[in-house]
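Here's the structure, in structure tokens; my notes come after.
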Amino acid sequence: MPKQFSLPRGTADILPDQTPLWQSIEKKVHELCSIYGYKEIRTPLFEETELFARSMGQTSDVVLKQMLNIMPQNSSEDKEPKISLTLRPENTASVVRSYVENSIDKKESLTKLYYIGPMFRGERPQKGRLRQFHQVGVEVLGPGSAFPYLDVEVIALSVGILKALGLKNFTLKINTLGTSEDKENFSKYLREALALRLKDLCPDCQSRFERNVFRVLDCKVKTCKEIVKNLKLDLSYLSPDSRNYFDLVKQGLLQIGIDFTLDPRLVRGLDYYTHTVFEITGSSLGSQDALGAGGRYNNLVGELGGPQIDAIGFALGVERIILALGETQTVEDSIDVFLIAMDEISFMKAFTLLNILRSSGIKSDMSYRLSSMKSQMRSANKLNAKLVIIIGEQELRKEMVTLKNMKDGSQKEVSMKNNNYEQLIKILTERS
Ligand code: AMP
């Protein structure tokens, strides 16, 4: 027996009964992003490994443990130097790379972009944590992006997307890291405060203490959590300007009625964040409860060889959103009309009509071989047809079709005299 293959661990098939839900999510995201003035960008699924290492930081968990690298096949004819490539673990770095490479900053002072697509991380799979998952995200870049009301807009859009998708039970947490200098002060303060308890931290946090002390703040280990809980975190590391910036962000959120919780422990794991950071958690999700997260990254564009301009973005996890929506969330898939032919001559007529209806944009289908009325009706039900067109000997003789409403069972005759389909198409278009 030839080997049967199965899914790679941590990936999932999105089967035809689930794709209507995915398509409806994608449609709402496209609509809402367009309402907010964002344009879609599509970048490759893989990039140079170094791009992610430089942007996310050599010490981030993603870069240290989760990068899925691609090994290009060696070819003797291939004269190009071998470059290490990695499947994108997130999309911010790719969008910034594209922004810089295409000199978009020379064309406009504010660029508002969004994306939907798969991301890849070599994590240990569990519920809500996959190796290939999907994100919806936005990135706003440009000299015109350094304003607190843009932070408010970006947060409002992330909340707006979740609400438009039908989510109710989620919490928005916000914090600020300030400028690079503020961050430096904060990290110094944290090191001093944690130094006395260093030996009580988990082994991971002991190494985080050296390489990325902020990560100690979101460690899930009980003893670390207890130590972190007792730290005095009051934003005293912020400069007056950074404090003022954050005040304006909070004020803007209140102004447009967006509820939030202040969380001084929220730091995000990546090096590139500055100023506002935020995270949205779902209350029904268990241990993997982050629906999405984002923040400002004012130094990244410069660090990736572009101009010194500010930027901000977020990413939401689509699989987590679907989990949070729960089992009940299915999108009804249906067709406008199913054609039923009673005999071979009617079959020819029905097949011609099927193609005319489809050319007129009417979602229609039929069986590809003659079978009993009962069996064709079963197929119509399976496809959730709203209407059925029946063509048989009587219909051919009278040059009409019988139109049956599948909801209430009512039937009527619609004329097709001299092959004039207009009346039928008009009725079907009005109903679809
Ligand atoms: P991050 O870039 O880690 O902040 O991720 C942003 C969002 O993407 C998270 O809040 C999750 O909703 C989602 N996400 C991140 N990693 C995974 C994963 N391995 N599996 C499923 N969803 C993920």
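We count ligands from 1, going down the list as the structure has it; atoms in each ligand are counted the same way.
With a 4.0 Å heavy-atom cut-off, ligand 1 is reached by no atom of Val62.
In this comparison of Glu90, Arg121, Met119, Gln66, the heavy atom closest to atom 1 (P) of ligand 1 sits on Arg121. Nearest-heavy-atom check against atom 13 (C) of ligand 1 across Ala324, Ser60, Pro125, Gly317 picks out Gly317.
From the protein, the heavy atom lying nearest to atom 22 (N) of ligand 1 is Phe133 CD1, 3.5 Å. In terms of protein heavy-atom proximity, atom 4 (O) of ligand 1 is closest to Arg268 NH2, 2.6 Å. Nearest protein heavy-atom contact of atom 20 (N) of ligand 1 is Leu130 N, 2.8 Å. In terms of protein heavy-atom proximity, atom 21 (C) of ligand 1 is nearest to Gly128 O, 3.3 Å. For atom 19 (N) of ligand 1, the closest non-hydrogen atom of the protein is Glu123 OE2, 2.6 Å. Atom 6 (C) of ligand 1 has as its closest protein heavy atom Gln135 NE2, 3.3 Å. Nearest protein heavy-atom neighbour of atom 9 (C) of ligand 1: Ala290 O, 3.8 Å.
Side-chain contact, Thr43 with Asn91: a donor N or O sits under 3.5 Å from an acceptor N or O. Between Ser410 and Asp408, the side chains place a donor N or O and an acceptor N or O closer than 3.5 Å (distance only, hydrogens not considered). Side-chain polar atoms of Tyr297 and Arg268 form no donor-acceptor pair below 3.5 angstrom. Under the 3.5 Å distance criterion, with hydrogens and angles disregarded, no donor-acceptor pair is assigned to the side chains of Ser239 and Asp241.
Salt bridge absent: Glu47 and Arg88 never bring a charged side-chain N and a carboxylate O closer than 4.0 Å. The existence of a salt bridge linking Arg358 and Asp336 is excluded, since no basic side-chain nitrogen approaches an acidic carboxylate oxygen closer than 4.0 Å.
Between Tyr237 and Phe186, the ring planes lie parallel to each other; the angle is under 30°, not in the 30° to 60° tilted range.
The shortest distance between side-chain heavy atoms of Glu303 and Arg54 does not fall below 4.5 Å.
Each of Ile322, Ile161, Ile116 was evaluated against Ile25; a single residue qualifies, Ile322, per the side-chain contact (heavy atoms from CB on, under 4.5 Å) test.
Of the N or O atoms in Ala293, none lie within a sub-3.5 Å distance of an N or O in ligand 1.
Contact atoms of ligand 1 toward Ala315: 6 (C), 7 (C) (distance under 4.0 Å to a heavy atom of the residue). Less than 4.0 angstrom separates some heavy atom of Gly292 from each of these atoms of ligand 1: 10 (O).
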